[in-house]
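Computed over heavy atoms, backbone and side chain alike; hydrogens, waters and symmetry mates excluded. All values derive from a computational prediction rather than experimental measurement.
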Amino acid sequence: MADKPGAPPRAWQRMLSGRRLDLLDPSPLDVEIADIAHGLARVARWNGQTHGEHAFSVAQHSILVEEIACRYEPQLETRWRLAILLHDAPEYVIGDMISPFKQVMGGNYKEIEARLAGAIHLRFGLPAKLPAEITKLAKRADLVSAYFEAIELAGFTIEEGRRIFGQPKGFPERLGLEPAPIHEAQSAFLARFEQLAP
């Protein structure tokens, strides 16, 4: 059923938990970890252009990025590990846009993503805006993850991976990444969240 004529367009998404999350003004009270895990396990990295029977999900990617960040910072506080695990959490609502598309979209997309991230952070006891060093660490780990995903799953040559993402130092040549079935990715994400949540 369409919105009434003259009414503003609907900007909320109904979640399986029953919550209604407003994309323009998200409330931490409408954020549930079960919805995040469910969504991220069903969002494919690389727009699904990866080898294997299953997609490599954002849930799997999120766990990998947190593991990589902890390799760089073994003494990282638990709350910041949680923040890094949730670094792509807004994608449970808006999907995983590939980097080239984000560059084209620009402004509004990034603003909506930032508002969602802020609500998610507040819901789980983190500051709405993370400290710069944590954001930088998450981006660094994300780039390493992208390199290995690219060469192991997404059909990039090693030369392309090095040129686009940089050659990760201190890592093996390959991580042996394997896309997992949705239910496994969802369970693994929830389990890691439970280990890190306050």
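- Here the side chains of His54 and Ile182 are not in contact, with every heavy-atom distance at 4.5 Å or above.
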- Message: Could you walk me through whether Asp22 and Asp30 satisfy the side-chain contact (heavy atoms from CB on, under 4.5 Å) test, starting with their C-alpha distance in whole Å, then the side-chain angles of each, then the deciding distance to 0.1 Å, before giving a yes or no?
- Response: CA-CA 8 Å; Asp22 187 328; Asp30 291 324; over 6 Å; no
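- Taking CG from Leu126 and CH2 from Trp80, the interatomic distance works out to 6.5 Å, rounded to the nearest 0.5 Å.
- Between the side chains of Asp88 and Ser62, no donor-acceptor pair of N or O atoms lies under 3.5 Å.
- Qualifying side chain to side chain donor-acceptor pair (under 3.5 Å) partners for Glu66, counting only residues two or more places apart in sequence or in other chains: Arg192.
- Ser145 and His61 are linked by a side-chain donor-acceptor pair at a separation below 3.5 angstrom, with hydrogens and angles left out of the test.
- Shortest non-hydrogen contact noted between Thr50 and Ala55 is OG1-CA, 4.3 Å.
- Phe193 has its ring centre less than 6.0 Å from the ring centre of Phe124.
- Rounded to the nearest 0.5 Å, atoms CD1 (Ile94) and CG (Leu23) are 8.0 Å apart.
- Judged by distance alone, the side chain of His121 and the main-chain N or O of Ala117 form a donor-acceptor pair under 3.5 Å.
- Between Ala141 and Ala69, the shortest heavy-atom contact is CB-N, 3.7 Å.
- At least one donor-acceptor pair under 3.5 Å links the side chain of Asp35 to the backbone N or O of Ser17.
- Panel note: side chain Glu32, backbone Arg19; no donor-acceptor pair is recorded below 3.5 Å.
- Between Pro26 and Leu21 the shortest heavy-atom distance is CB-CD1, 4.0 Å.
- In terms of heavy atoms, Ala185 sits closest to Ser57 at CB-OG, 3.5 Å.
- Across all their heavy atoms, Phe189 and Leu86 have their closest contact at CZ-CD2, 4.1 Å.
- Within the model, atoms CG of Leu196 and CZ of Arg79 stand 13.5 Å from one another, a figure rounded to the nearest 0.5 Å.
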Show the atom names and distances, to 0.1 Å, of all donor-acceptor pairs under 3.5 Å that link a side chain in residues 157-173 to residues at least two apart or in another chain.
{"residue": "Thr157", "atom": "OG1", "partner": "Glu160", "partner atom": "N", "Å": "3.0"}
{"residue": "Glu160", "atom": "OE1", "partner": "Thr157", "partner atom": "N", "Å": "2.9"}
{"residue": "Arg162", "atom": "NE", "partner": "Gln167", "partner atom": "OE1", "Å": "2.4"}
{"residue": "Arg162", "atom": "NH2", "partner": "Gln167", "partner atom": "OE1", "Å": "3.4"}

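- Arg115 is listed as a side-chain neighbour of Leu24, based on a closest heavy-atom distance under 4.5 Å.
- Side-chain N or O atoms of Arg14 include none that pairs as donor or acceptor with a backbone N or O of Arg20 at under 3.5 Å.
- Between atom CG of residue Asp142 and atom OG1 of residue Thr135 there is a gap of 12.0 Å, rounded to the nearest 0.5 Å.
- For the pair Leu153/Pro179, a side-chain contact is recorded, criterion being any heavy-atom separation below 4.5 Å from C-beta on.
- Panel note: side chain Glu113, backbone Pro90; no donor-acceptor pair is recorded below 3.5 Å.
- Within the 4.5 Å cutoff, the side chain of Ile84 has heavy atoms near those of the Leu76 side chain.
- The heavy-atom pair separating Leu40 from Glu91 by the smallest distance is CD2-C, 3.8 Å.
- Taking CD of Glu73 as the start and CG of Leu137 as the end, the distance is 5.5 Å to the nearest 0.5 Å.
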- Verify side-chain contact (heavy atoms from CB on, under 4.5 Å) between Tyr72 and Val144, making sure each step is shown before the conclusion. CA-CA 11 Å; Tyr72 284 124; Val144 172; 3.4 Å; yes
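- Taking 4.5 Å as the limit, some side-chain heavy atom of Tyr92 sits within range of a side-chain heavy atom of Ile120.
- The CG atom of Leu82 sits 11.5 Å away from the CD1 atom of Ile134 when rounded to the nearest 0.5 Å.
- Using a 4.5 Å cut-off between side-chain heavy atoms of Ile, Leu, Val, Met, Phe, Trp and Tyr, with links allowed through other members, Ile68 and Trp46 fall into the same hydrophobic cluster.
- Sequence neighbours left out, the pairs with a member in residues 174-191 that pass side chain to side chain donor-acceptor pair (under 3.5 Å) are Arg42-Gln186.
- Side-chain contact between Leu64 and Glu149 is present, with at least one heavy-atom pair separated by less than 4.5 Å.
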